[in-house]
Amino acid sequence: MLFNELKLDRRILDAVAKEGYTQPSPIQRQAIPPAIEGRDILGCAQTGTGKTAAFALPILQRMTCNAGRGGIRALILTPTRELALQIEQSFRAYGRYLKFRVGTVMGGVGITPQKEMLEKGVDILVATPGRLLDLNAQGVADLAKLEFFVLDEADRMLDMGFIHDVRKVIALLPPKRQTMFFTATMPPEIVRLTKTLLSNPVEVAVTPVSSTVDLTEQSVYLTDKVKKPELLIWLLSSDLLAGSTLIFTRTKYGADKLAKRLKKSGIDALAIHGDKSQGARQNALDSFKKGRIRALVATDIAARGIDIEDLPYVVNYELPNVPETYVHRIGRTGRAGKKGVAVSLCDFDEKEYLTDIEKLIKKKIRVEEDNPYPMEVFVKSPPKVPQPRPSRRK
């Protein structure tokens, strides 16, 4: 199937062609036709499957065919600032030959320019939940005439504690609208939300969460927790990780600490996480994309929305305690038919996580035998028994 078979406006097809797209991805083939017909969509797909175009193209098509009711016509709700900016860029690219106004509102930056933008008017709004609610309370983000609503990365909204804000946003929307709901996993609370949000949806699912890209070479180094920094530095200094590397940690503090350790060792690195300002996050991401820094250390939440073509290496500095997260992480590499490398550093306390990951992906991850550190670190040293102090009595 080609894009010109999807009944899209010629101007949209020209914009898609300018982006270099010829054939729609599986989720685009499944979602775009029913979405153009006005059906609600329930999509289960992970990052990198092309889901942004799966909802952006039918929204642009339907807006082109219908005059609309004025005001904000389409709302895309997303969990992170990086993803919001990425979605805005996609709408601008796909709608380059149309006259729709696209805007983004998000926390971490000044609210005044966003108020001024909304007062001038936008057709398509990309937003993070908290900032949208703030602007709505101030009377500048009226959603009463909304026609299209997209909830993107719904499971990450749940992980980040945004689910209550999401429900508040939904309460502001008109009941008559088209809704598209995208998530990578379906935990029980997300299932309950879909039942209240969607009306007889078309369900589309691609790249099951338990699958990992065949072209991604996966391996694990067994090491002691205290030796992880030296092991990572050794890997980055060798031919094993000889290019741009995205490194995952569990915590914001851990990301900052590791980035400082790498810089001290002569490896250009920056950290990206939710506590950093939007300017700092964007600077780190731009520096990584343009090759000005060698490594980007990120938390899982901040990494949503990081879409980098030809990323050769991903490192799990700390294994995730949710096995599905491992699949999302390594999905950042090995894209578009190109090879990728995913390396994990596993300490004694994470061995259970490794077992869970292997059960999910239904394969054993190769253990690297040329670990410069001894394998016996998995044998915990016996606790030191305090010796009684010698008596001072003579």
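No experiment lies behind these values; they were computed from the predicted model shown.
- In the hydrophobic clustering of this structure, Ile190 groups with Leu151; members are Ile, Leu, Val, Met, Phe, Trp, Tyr whose side-chain heavy atoms approach within less than 4.5 Å, directly or through other members.
- Results of the side chain to side chain contact (heavy atoms under 4.5 Å, CB included) test with Val150 over Leu77, Ile59, Leu75 single out Ile59 as the only residue that passes.
- Tested against Gln178 for a side chain to side chain donor-acceptor pair (under 3.5 Å), the candidates Arg62, Glu147, Glu37 yield a single pass: Arg62.
- Separating the CD1 atom in Ile76 from the CZ atom in Phe182 is a distance of 11.0 Å, to the nearest 0.5 Å.
- The shortest side-chain heavy-atom distance between Asp268 and Arg292 does not fall under the 4.5 Å cut-off.
- Shown here for Gly243 and Arg294, the closest heavy-atom pair between the two residues is O-NE, 2.9 Å.
- Crowding of Glu5 atom CD: a count of heavy atoms from other residues, nucleotides or ligands under 6.0 Å exceeding 12.
- Between Asp14 and Lys18 no salt bridge is recorded (no basic side-chain N to carboxylate O distance below 4.0 Å).
- Here the straight-line distance linking atom CH2 of Trp234 with atom CG of Leu232 works out to 11.5 Å at 0.5 Å rounding.
- For the pair Tyr353 and Glu318, the minimum side-chain heavy-atom distance is 4.5 Å or more.
- In this structure, CG in Leu60 is found 9.5 Å from CG in Asp9, a value given to the nearest 0.5 Å.
- Rounded to the nearest 0.5 Å, atoms CE (Met117) and CG (Leu125) are 6.0 Å apart.
- For the side chain to side chain contact (heavy atoms under 4.5 Å, CB included) with Phe288, the lone residue among Leu311, Ile272, Leu270 that qualifies is Leu311.
- Taking hydrophobic clusters as Ile, Leu, Val, Met, Phe, Trp and Tyr residues chained together by side-chain heavy-atom distances below 4.5 Å, Phe100 does not share a cluster with Leu85.
- Distance check, rounded to the nearest 0.5 Å: CG of Asp134 to NZ of Lys115 gives 10.5 Å.
- Looking at heavy atoms from C-beta onward, Phe3 lies in side-chain contact with Leu57 at the 4.5 angstrom threshold.
- In summary, Lys99 and Asp123 do not engage in a salt bridge, as defined by a charged side-chain N under 4.0 Å from a carboxylate O.
- A salt bridge links Arg261 and Glu230; the closest N-O separation between the charged side-chain nitrogens and carboxylate oxygens is under 4.0 Å.
- Atom-to-atom distance recorded for Leu132:CG and Met106:CE is 13.5 Å, nearest 0.5 angstrom.
- The two residues Ile361 and Val327 have their closest heavy-atom pair at CG2-CG2, 4.0 Å.
- Both Val166 and Val191 are part of a single hydrophobic cluster, where members link through side-chain heavy atoms under 4.5 Å apart.
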query: Would Arg92 and Glu88 satisfy salt bridge (Lys or Arg N to Asp or Glu O under 4.0 Å), going step by step from the backbone distance to the final call?
result: CA-CA 6 Å; Arg92 290 187 183 278; Glu88 179 192 10; 3.0 Å; yes
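- The two residues Leu6 and Pro33 have their closest heavy-atom pair at CD2-CG, 4.0 Å.
- Nearest approach of Tyr313 to Leu240, heavy atoms of both residues: CE2-O, 3.5 Å.
- Ile32 and Ala53 make their closest contact through CD1-O, 4.1 Å (heavy atoms, listed as atom of the first residue, atom of the second, distance).
- In the hydrophobic cluster analysis, where Ile, Leu, Val, Met, Phe, Trp and Tyr join through side-chain heavy atoms closer than 4.5 angstrom, Tyr97 is grouped apart from Ile12.
- Side chains of Val315 and Leu236 form no contact here, defined as non-hydrogen atoms less than 4.5 Å apart.
- What you find for His273 and Ala255 is that their closest heavy atoms are CD2-CB, 4.2 Å.
- If you chain together hydrophobic residues whose side chains sit under 4.5 Å apart, Leu42 and Ile163 fall into the same group.
- Between Glu19 and Arg96 there is a salt bridge, since at least one side-chain N of the basic residue sits less than 4.0 Å from a carboxylate O of the acidic one.
- Ion pairing between Glu217 and Arg366 holds under the 4.0 Å rule for side-chain N and carboxylate O.
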